[in-house]
Amino acid sequence: MTEKTPKRENYFDYTREIDDLTGIEVLDTFEKFSQRDDVFCRALWDEEVSGEKVMAFYKGYYMPRAKARKSDGFSQRDYALRNAAWHVCNVLREQKDGRREGFHDHFTSHDDGWHEPYPFESAEQATVDIRKVAAFSGADLVGICAYDERWMYDGIYDTKGKSKPLDIPDDLPNVIVTGESMDKDLTATVPSALAGSATGMGYTNDCVTLLTMAQYIRNLGYRAYATMNDSALAVPLAVQAGLGEGGRHSLLITPEFGARLRLGKIFTDMPLVHDKPMSFGVKEFCDICNRCAKGCPPKAISFDAPSDHMYNRSNLKGVVKWSTDAEKCFKFWINQNTDCSICIRVCPYNRDYSKWYNRAWQKLAGGSFRKIALWLDDKLAHRARMKSADWWQKKNID
Ligand code: SF4
Ligand code: SF4
């Protein structure tokens, strides 16, 4: 069984043990992150980030306002697929009373569950079941960790720069973290509107998986709150749940998909066994690699060692890690009129791990021959942008 959840005010002490396992260094200056400072929320209230172009960018995710152009990857058919990939996610997020579920607020599209908890023989049995249900519901990855108050948002973005209290109970001891992979070939076409289809479909799949799993848990008689980008920081929870490690581009890198995935979280009191954080040499590899920093057009990724440096208010305070300049990154998205994931495309961990030679490469990258792995990636991997027109013509996507 899991440990008892500490009270909120004690969150700083009880997590030291997990920090030893993850290598996440939390300083005494640490402050919880307020969602209103997330750059996507600032775009709705902060003059430093917002503006007419930003509003046009958001509206462009609905077809009549998409600003298609002639360049490769930005035509009407490219936007048609990108916006269709986002469609189900958009339908689920637009709720009554100003709620934007999955982005600002947790999901509420649930039926009533069972009136009392299902009597599992053990937490181990419940964990076996939830892994099976996760795979059935479409999750490519699943991990479980303890509730950690530090990564919960210190207020949820409401409207016009205002926050409202987080409305997820603080006595749910477990967090299930899920990962949905993004299409590798589509990601190869970034920067393009077409590549945004991989992001949109990742989110849409995430919605389906999270709502199905949370409803299953509720049907068993336990509490479950499904969240996507809302409510809590996903990357530290995913690291604690053993899904992967944080990279220089500040994204989660997993052994199965590199950074090519979207994350979801379910907060629950279903009895579950926690996974252990894992290391497969990402930190050491990022120390000698800077492909993402070099490849980022607006230079939003640091070439330096991990630190608690804050570029602006969109960074987390008091945690030593690789951080990015979200203002520069977001401005680039606005200028090209779609999201970007060049840092995912150029990352050496972005590989098809169903191939034996890519699994062998990862082993090499995780050991003392990592410089050879980096050299091999330079020589053999095809990391140049794929033309979107080629993606449309490619017959057998492998
Ligand atoms: S998404 Fe694009 S702009 Fe943002 S950090 Fe990555 S490469 Fe840079
Ligand atoms: S591109 Fe290199 S430095 Fe950047 S996250 Fe990937 S492995 Fe790390």
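These numbers were taken from a predicted model, which means no experiment stands behind them.
Across every non-hydrogen atom of Gly143 and Leu243, the tightest pair is N-CD2, 3.7 Å. For the residue pair Ser307 and His309, the shortest heavy atom distance occurs at OG-N, 3.0 Å. Gly264 and Asp206 get closest at one heavy-atom pair: N-OD2, 3.7 Å. Here the shortest heavy-atom pairing between Ala68 and Ser75 reads CB-C, 3.8 Å. Taking both residues in full, the closest heavy atoms of Ala293 and Ser302 are given as CB-O, 3.8 Å, listed atom of the first, atom of the second, then distance. Of all the heavy atoms in Ile253 and Gly247, the pair that sits closest is CD1-CA, 3.9 Å.
Under the salt bridge (charged side-chain N to carboxylate O under 4.0 Å, His left out) criterion, Lys294 pairs with no residue, sequence neighbours left out. For Asp37, the salt bridge (charged side-chain N to carboxylate O under 4.0 Å, His left out) partners are Arg313, not counting sequence neighbours.
Side-chain contact annotation: Ser314 with Glu327, donor-acceptor N/O pair under 3.5 Å absent. Side-chain polar atoms of Gln125 and Asp129 form a donor-acceptor pair below 3.5 angstrom. A donor-acceptor contact under 3.5 angstrom links the side chains of Lys53 and Asn335, judged on distance only. Of the N and O atoms on the side chains of Asp230 and Tyr153, not one donor lies less than 3.5 Å from an acceptor on the other residue.
Between Phe57 and Trp333, the ring planes are tilted. Angles from 30° to 60° get that label. Using cut-offs of 30° and 60° on the angle between ring planes, the pair Phe40 and Phe330 is perpendicular.
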Using side chain to side chain donor-acceptor pair (under 3.5 Å), reason through Ser34 and Asp154 one step at a time and then give a plain yes or no.
CA-CA 5 Å; Ser34 171; Asp154 189 22; over 6 Å; no

Arg248 and Asp304: CA distance, side-chain angles, deciding distance, salt bridge (charged side-chain N to carboxylate O under 4.0 Å, His left out) verdict:
CA-CA 9 Å; Arg248 182 182 292 280; Asp304 300 332; over 6 Å; no

Test salt bridge (charged side-chain N to carboxylate O under 4.0 Å, His left out) applied to Arg93 and Asp105, step by step
CA-CA 9 Å; Arg93 83 169 144 188; Asp105 304 278; over 6 Å; no

Walk me through whether Val39 and Val49 qualify under side chain to side chain contact (heavy atoms under 4.5 Å, CB included).
CA-CA 8 Å; Val39 77; Val49 183; 4.0 Å; yes

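Between Asp390 and Arg385 there is no salt bridge, since no side-chain nitrogen of the basic residue lies less than 4.0 Å from a carboxylate oxygen of the acidic one. Under 4.0 Å is where a charged nitrogen must lie from a carboxylate oxygen, and between Glu149 and Lys32 at least one such pair does. With respect to the salt-bridge test (charged N to carboxylate O, under 4.0 angstrom), the residues Lys317 and Asp308 do not qualify. For Asp19 and Arg150, the salt-bridge test passes: some basic side-chain N is under 4.0 Å from an acidic carboxylate O.
A donor-acceptor distance shorter than 3.5 angstrom exists from the side chain of Asp78 to the backbone of Phe74, with no hydrogens or angles considered. With hydrogens and angles disregarded, no donor-acceptor distance shorter than 3.5 Å links the side chain of Lys265 to the backbone of Ala234. Judged purely by atom type and a 3.5 angstrom limit, Gln35 has no side-chain atom pairing as donor or acceptor with the backbone of Cys41. Using a distance-only test at 3.5 Å, with no hydrogens or angles considered, no donor-acceptor pair links the side chain of Ser231 to the main chain of Thr227. Here the side chain of Trp45 pairs a donor or acceptor atom with the backbone of Arg36 at under 3.5 angstrom. Between the side chain of Glu17 and the backbone N or O of Asp20, no donor-acceptor pair lies under 3.5 Å. Judged purely by atom type and a 3.5 angstrom limit, Arg351 has no side-chain atom pairing as donor or acceptor with the backbone of Tyr357. Between the Ser250 side chain and the Ser323 main chain, no donor and acceptor come within less than 3.5 Å of each other. Under the 3.5 Å distance criterion, the side-chain polar atoms of Glu101 are matched with a main-chain donor or acceptor of Thr108. For the pair Thr189 (side chain) and Ser192 (backbone), a donor-acceptor distance under 3.5 Å is absent.
Other residues, nucleotides and ligands contribute at most 12 non-hydrogen atoms within 6.0 Å of the NE2 atom of His87.
A side-chain contact (heavy atoms from CB on, under 4.5 Å) with Asp325 holds for exactly one of Asn312, Ile301, Asn315; it is Asn312. Only one option out of Ile342, Thr338, Thr199 pairs with Val190 in a side-chain contact (heavy atoms from CB on, under 4.5 Å); it is Ile342.
Within the 4.5 Å cutoff, no side-chain heavy atoms of Thr268 are placed close to those of Val175.
Identified under the ring-ring contact (aromatic ring centres under 6.0 Å, His included) test for residues 212-253, with sequence neighbours left out: His106-Tyr225. Sorted by first then second residue, the salt bridge (Lys or Arg N to Asp or Glu O under 4.0 Å) pairs that include residues 215-227, not counting sequence neighbours, are Asp171-Arg223, Arg223-Asp269. Identified under the ring-ring contact (aromatic ring centres under 6.0 Å, His included) test for residues 280-300, with sequence neighbours left out: Phe280-Tyr349, Phe285-Tyr349, Phe285-Trp361.
Taking the ring centre of Tyr353 as origin, the terminal cationic atom of Arg359 falls outside the region bounded by 6.0 Å and 45° from the ring axis.
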For residues 132-140, please give each side-chain donor-acceptor pair under 3.5 Å, one per line with the distance, not counting sequence neighbours.
{"unit_1": "Ser137", "atom_1": "OG", "unit_2": "Val133", "atom_2": "O", "d": "2.7"}
{"unit_1": "Asp140", "atom_1": "OD2", "unit_2": "Ser181", "atom_2": "N", "d": "2.8"}
{"unit_1": "Asp140", "atom_1": "OD2", "unit_2": "Ser181", "atom_2": "OG", "d": "2.9"}

